[in-house]
Amino acid sequence: DASVQALAGKATPAQGAKADTALQPIGLGVAGLRACGRLTLAQATPIPYGDQAGSTVYWTPYLGNTITLWDSIIPGWRLYPFAELSLSLAGRPANTNYDIFAYPSAGAVALSPTAWSDNTSRATPLAYVDGVLVMNGNWIYRYLGTIRTTSVGNSADSITQRFVWNYHNRMLRKLFLRDPNGASYTYTATPNTWRYCRNDIAQTPILQFVHGGYDPEPVRIRADTQVVPGTNVTASIGLNLTATTPGAFPGYDATGRTGFGSASFAQGPAFSEINYVCPGGFIQVTMLEATEGGMTTFFPANGGLSAQLWG
């Protein structure tokens with residue numbers, strides 16, 4: 001069993017090229033298994049502020065400048081210093097997830113990407129060796145995180161598209177978008193019918209992110225608006241979480257409702273919220289609305305779609 005061999009300090013031939021033998025084996029304490037860096041699209045900026053887009057992904061030193069990697073020739077973990085590393089995305093297909101790995105190369109550290117099979121399935125699985133996530137069957141490749149391309153050769157890390165997810169040294173990343181129109185509008189339906197906000201995908205808040213799947217913290221997602229439902233009318237806000245692309249009308253996974261409207265019902269909140277344990281991959285969150293029993297007036301300027309994830 002390969003995993004047993006790894007834990008016993010033995011290596012299989014498939015595990016890859018030789019690391020610098022001048023580097024000495026280290027212990028397996030917390031400090032020994034360190035990975036002092038973060039993936040980012042902004043050079044020399046491990047925690048970027050503001051929206052980022054680019055054709056290069058960086059592994060930038062953070063809280064140090066060393067990483068522990070497996071040596072397959074003299075079996076054991078070795079600590080490597082590194083300066084900022086870069087990986088060009090030039091020519092890589094649009095709308096594709098990539099796992100990013102660090103590996104030893106001629107005594108230094110290099111980066112390597114591996115594409116997923118589709119939006120939600122890895123082509124190459126990961127495995128734990130001594131508690132460290134590595135490429136299954138090729139332990140010299142240590143998992144750093146997952147990114148996603150937007151167009152050919154480009155990625156984004158913005159308030160509406162978080163396409164750089166860090167496994168190590170995770171930080172709280174926020175997403176937010178509200179109806180770009182902002183003006184109030186009405187919706188009449190009997191029976192209850194779900195639809196895009198304003199019945200227009202172009203004006204519906206939609207957020208997108210990629211997630212590596214190895215994270216115990218759930219993703220907090222919330223949709224808010226203000227409504228005035230008519231007498232005996234129920235107004236609802238829903239959330240759809242899917243890996244489909246924009247344009248395919250979604251169902252709904254979580255809903256929130258107001259109470260019944262009445263003659264004295266003033267403008268009030270309608271919201272939907274979920275703490276989502278993400279399975280990994282590309283996730284698109286769409287805000288939906290519904291009304292049942294008559295007409296509801298929606299006031300989108302007082303709400304929006306938001307999410308918080310660690311990555």
Side-chain angles (χ1 to χ4, degrees), residues 38-43 45-60 87-100 113 115-116 118-122 144-167 170-181 196-197 200-213 215 217-224 239-248 250 253 274 276 278-288 300 303-311:
R38 281 179 51 84
L39 295 172
T40 176
L41 297 179
Q43 190 171 12
T45 311
I47 305 175
Y49 295 93
D51 293 350
Q52 304 292 329
S55 58
T56 302
V57 61
Y58 301 93
W59 172 250
T60 298
L87 177 69
S88 173
L89 300 178
R92 303 199 178 274
N95 305 316
T96 303
N97 301 341
Y98 287 90
D99 284 338
I100 307 299
W116 287 39
D118 53 39
N119 285 338
T120 58
S121 303
R122 282 186 166 90
L144 302 181
T146 301
I147 68 165
R148 181 176 174 85
T149 53
T150 48
S151 57
V152 175
N154 291 285
S155 185
D157 183 16
S158 70
I159 196 68
T160 59
Q161 290 182 312
R162 293 295 181 197
F163 285 169
V164 178
W165 187 83
N166 279 276
Y167 175 66
R170 292 191 291 269
M171 306 292 293
L172 186 63
R173 311 307 308 280
K174 297 182 179 182
L175 299 96
F176 180 76
L177 185 64
R178 64 163 45 104
D179 179 332
N181 185 309
Y196 292 115
C197 297
D200 182 358
I201 189 174
Q203 299 189 72
T204 295
I206 295 175
L207 302 176
Q208 298 176 328
F209 61 90
V210 72
H211 196 289
D215 183 0
E217 298 97 353
V219 180
R220 180 181 178 273
I221 304 170
R222 181 181 174 100
D224 289 276
L239 290 170
N240 170 252
L241 287 75
T242 179
T244 61
T245 55
D253 295 314
I274 185 172
Y276 181 53
C278 187
F282 168 66
I283 300 295
Q284 176 175 289
V285 184
T286 305
M287 183 173 174
L288 305 177
L305 180 61
S306 62
Q308 296 181 355
L309 72 154
W310 291 87

If we ignore angles and hydrogens, is there a donor and acceptor under 3.5 Å between the side chains of N97 and R122? no
In terms of side-chain heavy atoms, does T146 have a donor or acceptor partner in D99 at a distance below 3.5 Å? yes
Under a 4.5 Å cut-off applied to non-hydrogen side-chain atoms, are [X] and [Y] in contact?
{"X": "V285", "Y": "Y276", "value": "no"}
{"X": "N119", "Y": "R148", "value": "yes"}
{"X": "I283", "Y": "C278", "value": "yes"}

Quick one: [atom1] on [X] to [atom2] on [Y], what's the gap to the nearest 0.5 Å?
{"X": "Y98", "Y": "L87", "atom1": "OH", "atom2": "CG", "value": "10.0 Å"}
{"X": "L41", "Y": "F163", "atom1": "CG", "atom2": "CZ", "value": "11.0 Å"}
{"X": "M287", "Y": "R178", "atom1": "CE", "atom2": "CZ", "value": "10.0 Å"}
{"X": "L288", "Y": "L305", "atom1": "CG", "atom2": "CG", "value": "9.5 Å"}
{"X": "I221", "Y": "Q308", "atom1": "CD1", "atom2": "CD", "value": "10.5 Å"}
{"X": "T286", "Y": "L207", "atom1": "OG1", "atom2": "CG", "value": "8.5 Å"}

Apply side-chain contact (heavy atoms from CB on, under 4.5 Å) to W59 and I100, showing your working. CA-CA 9 Å; W59 172 250; I100 307 299; over 6 Å; no
Quick check: closest heavy atoms across [X] and [Y], and the distance to 0.1 Å?
{"X": "A156", "Y": "T150", "result": "CB-CG2, 3.8 Å"}
{"X": "F176", "Y": "S306", "result": "CD1-CB, 3.8 Å"}
{"X": "P48", "Y": "A42", "result": "CB-CB, 4.4 Å"}

Residues which pass side-chain contact (heavy atoms from CB on, under 4.5 Å) with [X], listed by chain and number, not counting sequence neighbours:
{"X": "P46", "value": "R38, T60, Y62"}
{"X": "D179", "value": "N181, Y185, R198, Q203, P300"}
{"X": "S158", "value": "D51, T160, Q161"}

Kindly determine whether L175 and L309 satisfy side-chain contact (heavy atoms from CB on, under 4.5 Å), including the steps that lead there. CA-CA 8 Å; L175 299 96; L309 72 154; 3.2 Å; yes
Has [X] got a side-chain atom pairing as donor or acceptor with [Y]'s backbone, closer than 3.5 angstrom?
{"X": "N166", "Y": "G145", "result": "no"}
{"X": "T204", "Y": "C197", "result": "yes"}
{"X": "T149", "Y": "T96", "result": "yes"}

Quick one: salt bridge (Lys or Arg N to Asp or Glu O under 4.0 Å) partners of D157, sequence neighbours excluded? R162, R173
Using the salt bridge (Lys or Arg N to Asp or Glu O under 4.0 Å) criterion, which residues pair with R222? Sequence neighbours excluded. D224, E273
Under the criterion side-chain contact (heavy atoms from CB on, under 4.5 Å), I'd like the reasoning laid out for S155 against L89: C-alpha separation, chi angles, the key distance, then a yes or no. CA-CA 8 Å; S155 185; L89 300 178; 3.9 Å; yes
Considering residues at least two apart in sequence or located in another chain, which fulfil the ring pair (Phe, Tyr, Trp, His ring centres under 6.0 Å) criterion with Y167? Y143
